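Just so you know, these numbers come straight off a predicted model, no measurement behind them. Just so you know, these numbers use all the heavy atoms, side chains as well, and skip hydrogens, waters and symmetry mates.
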Amino acid sequence: MTGKNHQFYLIAGLIAGLVTIVFVSASFAKPRRLQKMPQGAWGAPHINLNVTANSAEVEFDCAHGKINGPLTLDSRGRFNLAGSYTREHGGPIREDIKAIERPVRYSGSIVGTAMNLKITPVGSNEVIGTFSLTHGGPGRVFKCR
């Protein structure tokens, strides 16, 4: 075998090996399909979450919020969604006082009918609350009066 033939076979073998590696690794790669958050009522003590196709409304003790859509989960059931959180207070509400709506992140995960949820203000490490909700489960909220 001449030197040129040897180099040809060596290069051809390397190319064939690389092509094989690409095809094999592509067959093992799982596509990351986004799922939608299950619609309907989610509940736990001190929270009610109502998920629709494009957003969600949240009721807390003495507060309320909204989660902006689309409400998608990654392949592991995790989410990290933008929304708002507004504190409420008891008693009469004066017309000249507006409620302060804070931008927050609603993050967590869903496994089956169980959701773990954490609410944090944007730009802060403060945690407004953590909740363990059940799909279709009753929430129990005590509104300010």
Side-chain angles (χ1 to χ4, degrees), residues 6-145:
H6 181 69
Q7 285 179 337
F8 172 77
Y9 288 116
L10 182 62
I11 291 171
L14 286 173
I15 291 172
L18 289 172
V19 168
T20 302
I21 289 170
V22 167
F23 281 114
V24 168
S25 63
S27 68
F28 285 113
K30 292 182 180 178
R32 294 198 177 261
R33 297 185 55 135
L34 294 178
Q35 310 168 54
K36 289 201 173 229
M37 186 178 287
Q39 294 183 36
W42 293 79
H46 313 291
I47 186 171
N48 280 321
L49 173 65
N50 186 32
V51 176
T52 63
N54 297 314
S55 65
E57 300 290 330
V58 192
E59 288 291 327
F60 305 95
D61 296 345
C62 298
H64 64 274
K66 182 170 176 103
I67 304 174
N68 306 322
L71 305 178
T72 55
L73 310 172
D74 70 11
S75 62
R76 293 183 178 169
R78 296 175 300 191
F79 58 91
N80 187 353
L81 305 167
S84 64
Y85 177 86
T86 305
R87 290 185 190 197
E88 301 167 352
H89 61 82
I93 299 171
R94 292 179 23 186
E95 288 182 19
D96 61 335
I97 295 181
K98 280 191 150 183
I100 299 171
E101 184 177 285
R102 297 174 72 181
V104 295
R105 299 298 299 179
Y106 291 89
S107 61
S109 62
I110 296 176
V111 177
T113 60
M115 176 193 296
N116 288 314
L117 173 67
K118 180 169 81 171
I119 303 134
T120 55
V122 171
S124 171
N125 291 331
E126 172 192 0
V127 175
I128 292 173
T130 57
F131 302 92
S132 297
L133 296 90
T134 303
H135 190 242
R140 188 163 187 169
V141 176
F142 300 95
K143 298 307 279 183
C144 295
R145 301 273 178 220

Next item on the list: Sequence neighbours left out, what passes salt bridge (charged side-chain N to carboxylate O under 4.0 Å, His left out) with E88? Give chain and number order.
Entry: K143
Next item on the list: Decide yes or no for I67 and F79: does some side-chain heavy atom of the first lie under 4.5 Å from some side-chain heavy atom of the second?
Entry: no
Notebook entry, point to check: Rounded to the nearest 0.5 Å, how far apart are CG of L73 and CG of L81?
Noted result: 8.0 Å
Next item on the list: To the nearest 0.5 angstrom, please state how far the CG atom of L117 sits from the OG atom of S107.
Entry: 7.0 Å
Next item on the list: Could you tell me whether the side chain of T130 reaches within less than 4.5 Å of the side chain of N116, counting heavy atoms only?
Entry: no
Notebook entry, point to check: Are V58 and Y106 close enough that some pair of their side-chain heavy atoms sits under 4.5 Å apart?
Noted result: yes
Check: What distance do Q35 atom CD and S75 atom OG have between them, rounded to the nearest 0.5 Å?
Finding: 7.5 Å
Item checked: For the student: nearest non-hydrogen atoms of L49 and A56, plus distance -> CD1-CB, 3.8 Å
Notebook entry, point to check: Between atom CG of L71 and atom OG1 of T52, what is the distance when rounded to the nearest 0.5 Å?
Noted result: 7.0 Å
Margin query: Side chains of I110 and H135, heavy atoms from C-beta outward: is any pair under 4.5 Å?
Written below: no
Item checked: Heavy-atom closest pair, residues S132 and A44 -> O-CB, 3.2 Å
Next item on the list: Identify, with sequence neighbours excluded, every residue that meets side-chain hydrogen bond (donor to acceptor under 3.5 Å, both in side chains) alongside R87.
Entry: none
Checklist line | Pairwise distance NZ(K66) to CD(E57) - rounded to 0.5 angstrom | finding: 4.5 Å
Notebook entry, point to check: Would you say D61 has more than 12 foreign heavy atoms packed within less than 6.0 Å of its CG?
Noted result: yes
Margin query: Students often mix this up, so state it plainly: with edges at 30° and 60°, are the rings of F60 and F131 parallel, tilted or perpendicular?
Written below: tilted
Notebook entry, point to check: What's the spacing between T120 OG1 and R102 CZ if we round to 0.5 Å?
Noted result: 10.0 Å
Next item on the list: Indicate yes or no: at least one non-hydrogen side-chain atom of I128 is less than 4.5 angstrom from one of P121.
Entry: yes
Notebook entry, point to check: Can you name the closest pair of heavy atoms from N48 and R140 and give their distance?
Noted result: OD1-N, 4.3 Å
Margin query: Are S109 and R76 packed together at the side-chain level, in the sense that at least one heavy-atom pair is separated by less than 4.5 angstrom?
Written below: no
